[in-house]
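Below is one structure; the comments refer to it alone.
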Amino acid sequence: MRTIPPPPPPVSIRVDLDKPKGRMEPIWAWFGYDEPNYTYMKDGKKLLSELAALSPVPVYVRAHSLLVTGDGKPALKWGSTNAYTEDAKGKPVYNWTIIDKIFDTYIERKMKPLAQIGFMPEALSSKPQPYTHDWQPGQSYEKIFTGWRYPPKDYGKWAELVYQWVRHSVKRYGKKEVESWYWELWNEPNGGYWGGTVDEYNKLYDYSVDAVRRALPTARVGGPHVTGPAGKSSVAFLKAFLEHCRNGKNYVTGKTGSPLDFVAFHAKGAPRLVDGHVRMNLGTQLRDISSGFQIVSSYPEFSKLPIIIGESDPEGCAACGMKTNPENAYRNGTLYSSYTAAAFARKYELADIHHVHLKGAVSWSFEFEDQPWFYGFRDLATNGVDKPVLNVFRMYGMMRGNRVEVSGNMAYQTLAVRDSSVRRAEPDVNALATRDTASNSAAVMVWNYHDDNLPAPASTVDLAIKGLPAKQVTVTQYRIDGEHSNSYAVWLKMGSPQQPTAEQVKELEKAGQLAQFESPASVKVVNGGIQLKTDLPRQGVSLYKLTW
């Protein structure tokens with residue numbers, strides 16, 4: 001029988017609103033998913049509306065398979081738009097109907113595409129068969145890598161497809177709108193997603209960026225979206241791509257180099273099942289990020305470019321549920337939300353350390369239409385009911401202005417988390433804080449995170465906030481824990497129904513929203529500061545919103 005450890009020592013966190021650290025860039029307002037056809041389905045539309053509503057800025061969305069051939073019917077790890085086919089004489093036939101449905105859904109919500117140029121249409125693939133797949137969780141991941149992954153048999157036709165797509169987008173949505181998008185080529189070309197060589201990818205990039213720019217000279221284009229740069233193949237591919245963009249011979253123009261407006265790579269953690277419990281590995285994800293930042297910063301020509309972490313998650317397969325992958329049991333409850341709070345704070349810190357411009361970090365987590373309730377997919381909602389992790393993003397949506405200085409006696413240093421994760425006996429009880437002078441407000445997010453998901457006592461947190469310019473402030477605390485903002489806990493108490501009643505669904509939907517921990521309080525400011533105290537459960541997250 002597992003014993004509960006003794007109460008941890010009291011936690012002291014200090015926030016100084018007068019010491020800015022840098023802008024609170026909304027790097028969290030980026031999301032992505034494998035199955036593009038979910039975009040315009042019932043629960044997909046609902047979730048996209050919620051993501052748009054929680055963010056003070058337009059949310060960017062990245063989806064795979066936007067050029068894949070097929071009937072538009074979604075499946076796990078699969079999607080299609082049938083944008084390109086050929087007639088009997090080999091003449092291109094363009095059909096933007098499904099792509100328009102996808103992008104219309106974004107634009108209607110004032111969202112922006114991180115438009116992925118890929119994958120290869122069946123008629124253009126140099127090795128088209130087999131093309132579609134019927135992969136299911138538990139099967140070999142290799143099954144998904146079919147004819148869509150190969151280079152084109154005709155680069156000219158590929159370029160014309162890209163040109164026509166961008167041209168169509170400008171005509172449909174307007175030049176100003178499409179200028180605000182990002183265009184990127186492919187996904188993880190150093191892995192199974194690309195069936196060609198590094199040189200063939202660089203060639204495809206040259207043809208693609210030239211086509212995009214012919215249609216819209218002011219468009220922003222980048223890549224290469226390699227896997228985590230802590231790995232050797234990723235490092236080699238990323239450097240070869242950057243070298244090509246810097247001084248390689250352009251396959252289209254014959255000149256030196258290729259345009260590059262942003263650099264993208266991925267970063268993933270590595271949870272494991274250890275002695276019957278889930279053990280996360282935040283350090284693995286941070287090492288990917290740190291290595292990628294270091295590589296980009298080593299190129300003077302590219303060191304100031306925006307960096308987009310195109311997939312940034314606790315592990316690598318959103319569609320692998322906890323039934324087939326028990327290490328993924330973190331996804332339904334508060335372990336996912338506390339991990340996300342702790343991880344994003346460290347992304348800001350690593351960008352500061354490496355002096356790079358981190359523009360976005362895409363959470364590769366969306367929803368899976370018409371799947372079992374709380375199946376353990378890496379998603380933000382299940383059957384239209386929001387999971388605890390989504391409420392972390394609602395918290396981030398209230399954090400604006402500049403990040404400010406935070407210190408604490410139980411806080412793990414960022415480089416220590418990168419190198420060793422969160423494995424000491426004590427948890428990482430830490431905070432991220434912002435001040436927004438434009439709205440006379442501040443926000444402090446506090447989390448109690450540990451890699452090991454084991455029972456533990458709550459931590460008593462003393463929070464001191466100084467630098468307040470008013471004599472009185474209103475403090476509102478929001479909470480994610482076992483009792484708040486937690487639809488999964490409510491579902492379990494219901495008996496885990498797979499066919500909940502309409503009344504139960506309403507109760508679950510309410511439980512999925514971000515909950516106030518207590519009523520807003522008016523607090524007297526003494527010598528420019530206030531003292532707050534709370535008991536924060538393990539894997540819990542609190543947000544304090546201060547207004548004056």
Side-chain angles (χ1 to χ4, degrees), residues 66-67 83-84 86 90-92 94 114-121 123-127 148-170 175 178-179 181-190 193-226 233-265 295-308 310:
L66 293 176
L67 296 177
Y84 180 95
E86 293 180 357
K91 182 180 178 181
Y94 304 107
L114 171 52
Q116 185 181 113
I117 304 171
F119 300 118
M120 195 58 59
L124 279 180
S125 176
S126 56
K127 189 179 177 183
W148 53 260
R149 67 190 284 260
Y150 291 97
K153 58 187 180 184
D154 187 323
Y155 282 83
K157 283 186 174 181
W158 167 265
E160 185 63 17
L161 165 60
V162 175
Y163 169 80
Q164 293 293 343
W165 182 18
V166 178
R167 185 169 173 265
H168 168 78
S169 299
V170 172
K175 178 173 178 284
V178 181
E179 283 176 332
W181 303 359
Y182 291 88
W183 296 85
E184 51 100 349
L185 177 66
W186 225 256
N187 177 68
E188 298 185 353
N190 62 305
Y193 280 84
W194 178 240
T197 64
V198 179
D199 289 339
E200 286 172 322
Y201 176 85
N202 290 337
K203 180 178 180 179
L204 195 71
Y205 181 81
D206 289 349
Y207 273 88
S208 301
V209 70
D210 181 76
V212 172
R213 290 285 182 82
R214 280 191 288 114
L216 181 63
T218 50
R220 298 181 289 191
V221 192
H225 282 282
V226 292
S233 72
S234 176
V235 170
F237 200 108
L238 179 57
K239 287 183 174 180
F241 172 75
L242 293 175
E243 286 291 344
H244 175 76
C245 291
R246 177 168 69 172
N247 56 28
K249 184 178 179 180
N250 190 291
Y251 282 93
V252 177
T253 66
K255 298 178 180 178
T256 299
S258 195
L260 183 64
D261 297 309
F262 66 92
V263 182
F265 57 83
I295 291 169
V296 175
S297 66
S298 70
Y299 288 81
E301 301 88 346
F302 306 134
S303 61
K304 302 303 180 186
L305 288 180
I307 294 174
I308 298 171

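None of the values given here were measured: they were computed from a predicted structure.
- For the atom pair L260 CG and L242 CG, the distance stands at 6.5 Å (nearest 0.5 Å).
- In this structure the side chain of W165 never reaches within 4.5 angstrom of the side chain of Y84, judged on heavy atoms.
- Under the salt bridge (Lys or Arg N to Asp or Glu O under 4.0 Å) criterion, K175 pairs with E179, sequence neighbours left out.
- With Y201 as reference, F237 is the one residue of Y150, F237, Y251 to meet the ring-ring contact (aromatic ring centres under 6.0 Å, His included) rule.
- Separation of atoms CG (L161) and CG (D154) is listed at 11.5 Å; rounding is to 0.5 Å.
- Heavy-atom minimum distance, P300 versus S303: O-OG, 3.4 Å.
- Between S258 and the choices T253, N247, D206, the side-chain hydrogen bond (donor to acceptor under 3.5 Å, both in side chains) rule is met once, by D206.
- When every heavy atom of P189 is checked against every heavy atom of W194, the shortest pair comes out as O-CB, 3.2 Å.
- Here the straight-line distance linking atom NZ of K239 with atom OH of Y299 works out to 6.0 Å at 0.5 Å rounding.
- Across Y205 and V221, no two heavy atoms sit closer than the pair OH-O, 3.8 Å.
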Intermediate values then yes/no, side-chain contact (heavy atoms from CB on, under 4.5 Å), F265 and V226:
CA-CA 5 Å; F265 57 83; V226 292; 3.8 Å; yes
With salt bridge (charged side-chain N to carboxylate O under 4.0 Å, His left out) as the test, would you mind laying out the steps for K203 and E200 before giving the verdict?
CA-CA 5 Å; K203 180 178 180 179; E200 286 172 322; over 6 Å; no
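- Residues passing the ring-ring contact (aromatic ring centres under 6.0 Å, His included) test with Y155 are Y207, sequence neighbours excluded.
- R213 pairs by the side-chain hydrogen bond (donor to acceptor under 3.5 Å, both in side chains) definition with D261, not counting sequence neighbours.
- Legend: salt bridge (charged side-chain N to carboxylate O under 4.0 Å, His left out) pairs involving residues 217-226, not counting sequence neighbours: none detected.
- Applying the 6.0 Å contact sphere to CZ of R246 captures more than 12 heavy atoms from other residues, nucleotides or ligands.
- Considering only heavy atoms from C-beta on, V252 stays 4.5 Å or farther from V209 through its side chain.
- In this structure, N250 CG and K255 NZ are separated by 9.0 Å, a value rounded to the nearest 0.5 Å.
- Rounded to the nearest 0.5 Å, atoms CD1 (I117) and OG (S208) are 5.0 Å apart.
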I would like to know whether F241 and N202 meet side-chain contact (heavy atoms from CB on, under 4.5 Å); could you show each step before the answer?
CA-CA 7 Å; F241 172 75; N202 290 337; 3.5 Å; yes
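- The two residues W148 and W186 make their nearest non-hydrogen contact at O-CZ2, 3.4 Å.
- Looking at every heavy atom in both residues, Y193 comes nearest to R149 through O-CB, 3.3 Å.
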With side-chain contact (heavy atoms from CB on, under 4.5 Å) as the test, would you mind laying out the steps for F302 and C245 before giving the verdict?
CA-CA 10 Å; F302 306 134; C245 291; 3.9 Å; yes
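- Heavy-atom neighbours of K157 NZ from other residues, nucleotides or ligands within 6.0 Å: above the threshold of 12.
- The closest side-chain heavy-atom distance from I295 to V235 is below 4.5 Å.
- For W181, the ring-ring contact (aromatic ring centres under 6.0 Å, His included) criterion is met by F103, Y173, W183, not counting sequence neighbours.
- Taking R214 as the reference, D210 meet the salt bridge (Lys or Arg N to Asp or Glu O under 4.0 Å) condition, with sequence neighbours excluded.
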What do the steps show when you test F119 against S125 for side-chain contact (heavy atoms from CB on, under 4.5 Å), and what is the final call?
CA-CA 9 Å; F119 300 118; S125 176; over 6 Å; no
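- Heavy-atom minimum distance, P151 versus G196: CG-CA, 3.8 Å.
- The distance from the NE2 atom of H225 to the CG atom of N190 is 12.5 Å, given to the nearest 0.5 Å.
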